[in-house]
Amino acid sequence: MSVQYRQLGASGLKVSEISLGSWLTYGGYVERENAVKSIHKAYDLGINFFDTANVYALGEAEIVVGETLREYQRESYVLATKVYGKIGEGPNDRGLSRKHVIESTNASLKRLGLEYVDILYSHRFDHNTPLAETLRAFDDLIRQGKVLYIGVSEWTTAQITEAFAIADKYLLDRIVVNQPIYNLFERYIEKEIIPLGQQKGFGQVVFSPLAQGLLSGKYSSTGVVPDNSRAANHSNFKNKITEERLAKVEQLKVIASELEITVAQLSLAWILRQSNVSSALIGASRPEQIEENVKASGIALNDDILQRIDSIIENEPTLVRGSF
Ligand code: NAP
């Protein structure tokens, strides 16, 4: 079955259920040839939704993603980037001030070699800038045709609710997408974020859906990591591979094999059971990973399977983000 598409929240935009990101990978630890091949593979498989950020690999990710996507018709893909993270030493080289939002987006467009991005996310909430200033700057970028839709990432329900109130008061464009973490080990968005998304009309594009590769089933013990894997390249992630989590992955593998799918596909299908999730945003260091993961699109898990998964992972959604 080919990849399916979903509406991005209450907007008219259609995005593939599986999307491809570039954090750590493209412009980072994945060499350029594999980065380009992976993006080509994703596009060929029907993935139309690509994600990057101004801070990824200090701008290099935007360069690789932009150069590769420029081979395709602009109308055929949806590209998102982000603003907020520190990109220089100056006091205005970070955050969500009007100055930085406008300057950073112009710099992103230059690196990407594009006239507009489809989505601009605020990468985190900025406690040092009035929310109305940020939302007005985002709205201006929309009026200038440089951004088509706006989103946030890892904002709380209170922050998102306030943003909707300001947008409605001043008739500014509304948030149509939130980008939080969501996977079998981190379910906090189920508690309040997803219900708010359903109520307000924003979709979730969830990052690290495979828990950075842990849910691919390729890690077998805490001590041994495959060469060239993310755990071999990033110790922060390696520390998250615990014996307890590995034991759960082994149990999930049993369910996956009964269904004749892989544990990565099971993990992604579990995410896509949520109708408020617009897309599961994967990373990939090789084209084969995309071939495997994209097949999760269209797999429906029945109640019995979902209950068995629940009893393995044993983690009720928490109110705030947990340790993953
Ligand atoms: P992920 O899909 O959970 O992990 C991706 C990594 O897992 C791959 O790079 C690959 O790493 C491994 N992998 C994936 N599929 C595999 C397979 N079938 N078999 C074996 N290994 C597999 O997602 P993520 O990279 O953590 O995050 C995805 C995207 O979300 C990022 O690129 C970024 O665009 C976005 N993101 C956003 C935020 C935010 O704050 N908004 C934060 C994090 C990420 P190796 O092959 O190298 O081991």
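In listed order, ligands and their atoms are each counted from 1.
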Note the single closest protein heavy atom to atom 10 (C) of ligand 1, along with its residue, its atom name and the distance in Å.
-> Q289 OE1, 3.4 Å

Looking only at protein heavy atoms, identify the closest one to atom 19 (N) of ligand 1 and say how far it is in Å.
-> S216 CB, 3.5 Å

Tell me: protein heavy atom nearest atom 15 (N) of ligand 1, and distance?
-> N293 ND2, 3.0 Å

Any cation-pi pair here, R230 with Y219, using under 6.0 Å and within 45°?
-> no

4.0 Å heavy-atom contact, Y219 with ligand 1 = yes

Just which atoms of ligand 1 are under 4.0 Å from any heavy atom in E292?
-> 18 (N)

Does ligand 1 have any atom sitting under 4.0 Å from a heavy atom of Y56?
-> yes

Do you reckon F202 sits in the same ILVMFWY cluster as L131, going by side-chain contacts under 4.5 Å, direct or chained?
-> yes

T25, portion touching ligand 1 at heavy-atom distance under 4.0 Å | side chain

Is the closest heavy atom of H123 to ligand 1 under 4.0 Å?
-> yes

Can you tell if the side chain of Y182 reaches within under 4.5 Å of the side chain of Q204, non-hydrogen atoms only?
-> no

Any Lys/Arg nitrogen of K240 or E186 sitting under 4.0 Å from an Asp/Glu carboxylate oxygen of the other?
-> no

Would one find an N or O of E154, backbone or side chain, under 3.5 Å from an N or O of ligand 1?
-> no

Does any N/O atom on A231 come nearer than 3.5 Å to any N/O atom on ligand 1?
-> no

Does W23 reach ligand 1 with a nitrogen or oxygen that is under 3.5 Å from one of the ligand's nitrogen or oxygen atoms?
-> yes

Under 3.5 Å between some N or O of ligand 1 and some N or O of K82?
-> no

Quick one: look at T52 and ligand 1, take heavy-atom pairs under 4.0 Å, and tell me if it's side chain, backbone, both or neither.
-> neither

